[in-house]
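Worksheet: the structure to be examined is printed underneath.
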2 protein chains.
Amino acid sequence: MSEGVEWALHSCLNLAWIGPGRAVTAARLAAYHELPAAYLNKRLQALARAGIVTSVSGPKGGFRLARALDRITLMDVVTAIEGPDEAFRCTEIRQQGPGAGHPRTYAAECAVAGAMGRAELAWRRELAAQTLDDVRQRAELQAPTAPERLRRWFANA
Amino acid sequence: MSEGVEWALHSCLNLAWIGPGRAVTAARLAAYHELPAAYLNKRLQALARAGIVTSVSGPKGGFRLARALDRITLMDVVTAIEGPDEAFRCTEIRQQGPGAGHPRTYAAECAVAGAMGRAELAWRRELAAQTLDDVRQRAELQAPTAPERLRRWFANA
DNA sequence: GTAGATCTACTCGGATACGTAGTGTCCGAGTATTGTCGG
DNA sequence: CCGACAATACTCGGACACTACGTATCCGAGTAGATCTAC
């Protein structure tokens with residue numbers, strides 16, 4: 001899985017902690033975790049295309065959350081970064097070569113693909129069941145002082 | 001996800017349908033689905049290292065299943081091909097840069113990693129819950145004539 | 001003093017290189033078969 | 001005729017190239033604010 005997913009998730013949480021008052025630039029978000037700024041910007045663009053964050057150009061521009069954390073699921077973020085394709089994609093090798101039978105035989109889904117698809121469905125269900133707000137709550141339980149420290153840092157300069 | 005997973009799963013099913021009587025060469029298994037023989041061989045080696053199939057060299061050599069299909073889970077095959085690493089790996093960016101606080105703060109697992117880990121656990125559970133025999137049964141229901149056709153083809157030459 | 005236009009500085013957005021991991025291929029190590037030789 | 005031995009052909013196993021995607025970067029398009037000018 002792409003490393004950008006982790007960056008996107010943390011950036012969304014950071015945006016929420018900063019508050020909806022103002023937009024935050026990609027460079028500033030990147031600096032907070034020492035990430036390559038231009039590359040994080042690229043990923044934030046993906047979030048913008050997916051409607052998870054909104055972006056404005058120019059001075060005082062930057063990114064901000066498009067909606068509340070409890071209306072953003074992990075699935076939304078993963079899909080925005082990784083794309084909509086399934087991890088396991090069936091190439092229908094059962095229909096290739098001497099093993100291929102009547103085309104009518106292959107009306108039903110490949111049993112292998114079906115089994116892998118069930119597992120991936122379980123993954124996606126779990127991702128869709130968890131919102132970023134759930135993650136935020138757990139994070140605040142673990143490190144109650146982190147949000148305030150973050151706000152302090154982003155307020156400076 | 002690697003394409004070799006699909007090849008490995010189908011190859012295991014094919015080995016089961018052929019029967020435990022004799023070993024089958026990678027070249028023959030590859031030809032049945034028009035796959036690159038040398039590359040499939042490489043993947044079958046991974047299955048052999050994982051103890052899913054056994055391999056013998058020389059004439060009349062080849063691969064055969066190391067145990068019955070109902071004792072091989074999808075998880076076994078995926079782990080053998082893809083490796084044991086998790087898809088989402090936390091790089092602990094929360095500890096990098098100005099955002100880092102006291103090291104003691106990070107005793108607990110990263111909330112983001114935890115959430116992603118729960119989803120991946122659901123995926124792995126589903127993979128471990130399904131055996132190749134389950135897949136075989138569904139495949140035979142969909143295409144009852146396929147196994148016999150396969151045996152016929154592998155018997156020739 | 002104020003309104004308007006212009007100019008500037010700053011940010012996102014997409015087009016452009018680089019690196020690594022997956023994909024594909026090749027040749028050597030090892031073994032069962034087969035043919036041959038000796039008893 | 002039978003057994004042992006050597007030659008042989010065939011297969012797995014790992015080492016060696018190629019390709020594609022993810023990673024990283026840079027410069028242009030667009031905008032909000034500041035500055036300057038004219039009234």
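Values below: every heavy atom of this structure, side chains too, minus hydrogens, waters and symmetry copies. As the structure is a prediction and not an experimental result, all values here were calculated from the model. Here is how names work: the chains are called A, B, and so on, in the same order as the sequence lines, proteins then strands, and each is numbered from 1.
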Next item on the list: Could you work out which one of D:dA24, C:dC12, C:dT23 sits closest to the side chain of A:W7?
Entry: D:dA24

Note to self: Rounded to whole Å, please give me the gap between CZ in B:R89 and P in C:dT20.
What the structure shows: 13 Å

Notebook entry, point to check: Quick one: A:I81 CD1 to D:dG22 C1', roughly how many Å, whole number?
Noted result: 12 Å

Note to self: From the set D:dT11, D:dG14, D:dC26, return the single nucleotide nearest to any side-chain atom of B:T25.
What the structure shows: D:dT11

Next item on the list: Round to a whole Å and report the spacing from CD of B:E3 to C1' of D:dT19.
Entry: 13 Å

Next item on the list: Take the protein atom CZ of A:R22 and the nucleotide atom P of D:dA32, then report the distance between them rounded to whole Å.
Entry: 18 Å

Checklist line | Ring centres under 6.0 angstrom apart (A:W17, A:F154) | finding: no

Item checked: Whichever of A:F63 and A:K42 has its nearest DNA chain C nucleotide further upstream toward 5' -> A:F63

Note to self: When you compare the side chains of A:E6 and B:T91, does any donor N or O come within less than 3.5 Å of an acceptor on the partner?
What the structure shows: yes

Note to self: Between the side chains of A:R151 and A:E148, is the shortest nitrogen-to-carboxylate-oxygen separation below 4.0 Å, so that they form an ion pair?
What the structure shows: yes

Check: Quick one: does NZ or CZ of A:R118 land under 6.0 Å from the six-membered ring centre of A:W123, within 45 degrees of the ring axis?
Finding: no

Note to self: Let me spell it out: for each of A:P36 and A:S57, pick the nucleotide of DNA chain D with the closest heavy atom. Which residue's pick is nearer the 5' end?
What the structure shows: A:P36

Next item on the list: Side chain of A:N41 only, please: which of C:dG13, C:dG30, D:dT25 is the nearest?
Entry: C:dG13

Check: A:L47 CG to C:dG14 P: how many Å, rounded?
Finding: 13 Å

Notebook entry, point to check: Quick one: which of B:R136, B:R138, B:Q137 gives a side chain to side chain donor-acceptor pair (under 3.5 Å) with B:E140?
Noted result: B:R136

Next item on the list: Could you work out which one of C:dT31, D:dT23, C:dG24 sits closest to the side chain of B:Y39?
Entry: C:dG24

Check: How long is the line joining CZ of B:R43 and P of D:dG14, in whole Å?
Finding: 14 Å

Notebook entry, point to check: Is any side-chain nitrogen or oxygen of A:S2 closer than 4.0 Å to OP1 or OP2 of D:dT23?
Noted result: yes

Item checked: Protein-nucleotide distance (A:M1, atom CE; D:dT23, atom P), rounded to Å -> 11 Å

Item checked: Closest-nucleotide ordering on DNA chain C, the 5'-leading residue of B:G4 and A:A48 -> A:A48

Check: Which nucleotide in the set C:dC26, D:dC12, C:dC12 lies at the smallest distance from any side-chain heavy atom of B:S55?
Finding: D:dC12

Item checked: Touch class at under 4.0 angstrom, heavy-atom based, for B:A26 against every strand present -> sugar-phosphate

Margin query: Just the rounded figure in Å: distance from P of C:dT33 to NZ of B:K60.
Written below: 8 Å

